[in-house]
Amino acid sequence: MKFKKHLENQDEKIKINSINKDLEPTNVLRKHYKNRQELDIDFYTSNLLQTNDVGVARILSTYGNTAVIEQVDGIYYDRILDRIEQGLLNQENIKRVAQELCKWLKKYYAVTKNASRGDISFKNFIFTTQGECVGINFEKPLELCRCEYDMGRMLFYVATNEPMFTSGKIQMCKVLLECFLKMNVDINLIKKEYEAEFDKIKGQKAGFINYETQIKNFWDLLI
């Protein structure tokens with residue numbers, strides 16, 4: 001089955017966070033923020049990206065701590081990971097969605113002058129029915145960094161997304177790393193950030209330190 005056809009069959013409407021859609025037209029959503037500062041940051045970054053041809057869910061209007069945002073037709077990238085585990089995507093399709101994500105990141109870094117994406121959760125990326133990647137949720141201020149910081153954390157995120165360390169996760173990470181290395185980055189710095197993310201998480205999740213060997217072995221499978 002063609003990947004685009006598969007997405008259309010899913011008929012998924014992306015819902016950003018826990019947005020209240022009451023009384024809104026079907027093509028827009030409401031997003032409620034903790035405070036006005038978060039809304040302003042999201043609005044500024046989204047507008048910066050949109051005006052520079054980086055795919056985002058557009059903020060159409062704001063009032064108080066609420067924004068009205070266009071609804072994006074597609075599938076969250078974390079749901080794509082689920083599809084991979086279910087055997088619904090072949091290598092060609094995995095490569096395609098990974099390449100679109102990297103294409104988005106490359107544009108993002110160019111526009112923001114190498115600011116970190118911040119939250120690299122795959123819940124913040126959508127593969128649209130038009131076959132492109134769109135980013136959502138930019139509540140945190142832009143902070144300059146080397147892009148390897150995001151890349152290492154992203155590989156760690158995929159590797160440890162339940163179920164962890166599977167062949168599907170290896171497939172996705174291999175393609176992501178291949179794309180990253182075409183962006184003139186330092187693989188040693190990516191590895192450093194990958195390992196640093198483990199050091200961070202093991203202090204936050206009980207028992208996570210027990211995965212240290214698997215974390216190292218997974219990286220070795222990527223190179």
N/O donor-acceptor pair under 3.5 Å between [X] side chain and [Y] backbone:
{"X": "Asn124", "Y": "Asp119", "value": "yes"}
{"X": "Asp42", "Y": "Phe138", "value": "yes"}
{"X": "Lys169", "Y": "Glu85", "value": "no"}
{"X": "Thr51", "Y": "Leu48", "value": "yes"}
{"X": "Trp104", "Y": "Gly55", "value": "yes"}
{"X": "Asn52", "Y": "Val111", "value": "no"}
{"X": "Glu148", "Y": "Asp186", "value": "yes"}
{"X": "Glu197", "Y": "Arg153", "value": "no"}

Lys216 with Glu195: basic N within carboxylate O range, under 4.0 Å: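 Glu195 and Lys216: not salt-bridged.
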Short N-O contact, Lys103 and Glu100, less than 4.0 angstrom: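 Yes, this pair counts.
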Geometric class of the Phe156/Tyr194 ring pair [parallel <30°, tilted 30-60°, perpendicular >60°]: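 Correct class here is perpendicular.
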Aromatic ring pairing Tyr77/Phe127, orientation class (parallel under 30°, perpendicular over 60°, tilted between):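 Judged by the thresholds at 30° and 60°, the geometry between Tyr77 and Phe127 is perpendicular.
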State, to 0.1 Å, how close [X] and [Y] come at their nearest heavy-atom pair, and which atoms those are.
{"X": "Lys174", "Y": "Leu221", "value": "NZ-O, 2.9 Å"}
{"X": "Cys145", "Y": "Ser116", "value": "SG-CB, 3.3 Å"}
{"X": "Asn65", "Y": "Lys34", "value": "ND2-O, 4.0 Å"}
{"X": "Ile136", "Y": "Arg117", "value": "O-NH2, 2.6 Å"}
{"X": "Asp150", "Y": "Gly118", "value": "OD1-N, 4.1 Å"}
{"X": "Leu39", "Y": "Gly64", "value": "CD1-O, 3.8 Å"}

Lys31 versus Asn137, side-chain donor and acceptor atoms under 3.5 Å: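 Their side chains do contain a donor-acceptor pair, which is all the 3.5 Å distance test asks for.
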Heavy-atom neighbours of [X] [atom1] exceed 12 at 6.0 Å:
{"X": "Lys202", "atom1": "NZ", "value": "yes"}
{"X": "Lys123", "atom1": "NZ", "value": "no"}
{"X": "Glu92", "atom1": "CD", "value": "no"}
{"X": "Tyr211", "atom1": "OH", "value": "no"}
{"X": "Asp220", "atom1": "CG", "value": "yes"}
{"X": "Glu143", "atom1": "CD", "value": "no"}

Working for side-chain contact (heavy atoms from CB on, under 4.5 Å), residues Ser121 and Asp78: CA-CA 8 Å; Ser121 168; Asp78 69 329; 5.9 Å; no
If you round to the nearest 0.5 Å, how far is [atom2] of [Y] from [atom1] of [X]?
{"X": "Glu212", "Y": "Asp199", "atom1": "CD", "atom2": "CG", "answer": "7.5 Å"}
{"X": "Asp82", "Y": "Ile75", "atom1": "CG", "atom2": "CD1", "answer": "8.0 Å"}
{"X": "Ile84", "Y": "Asn90", "atom1": "CD1", "atom2": "CG", "answer": "10.5 Å"}
{"X": "Thr112", "Y": "Leu105", "atom1": "OG1", "atom2": "CG", "answer": "10.0 Å"}
{"X": "Leu222", "Y": "Phe218", "atom1": "CG", "atom2": "CZ", "answer": "5.0 Å"}
{"X": "Gln50", "Y": "Phe43", "atom1": "CD", "atom2": "CZ", "answer": "8.5 Å"}

Hydrophobic cluster identity match, Leu189 and Phe180, side-chain contacts under 4.5 Å: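 No, Leu189 does not connect to Phe180 through the hydrophobic network.
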Single-linkage hydrophobic cluster, 4.5 Å side-chain cutoff, Tyr108 and Leu181 together: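 Per the 4.5 Å side-chain linkage, Tyr108 and Leu181 are co-clustered.
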Criterion side-chain contact (heavy atoms from CB on, under 4.5 Å) on Tyr44 and Ile59, from CA distance to verdict: CA-CA 10 Å; Tyr44 168 80; Ile59 297 179; over 6 Å; no
Criterion side-chain contact (heavy atoms from CB on, under 4.5 Å) on Met154 and Phe125, from CA distance to verdict: CA-CA 12 Å; Met154 189 171 286; Phe125 300 97; 4.1 Å; yes
Tyr33 six-ring face occupied by Arg36 cation (under 6.0 Å, within 45°):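 So Arg36 doesn't make the cation-pi contact.
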side-chain contact (heavy atoms from CB on, under 4.5 Å) between Ile187 and Ile223, worked out: CA-CA 10 Å; Ile187 190 172; Ile223 56 177; 3.8 Å; yes
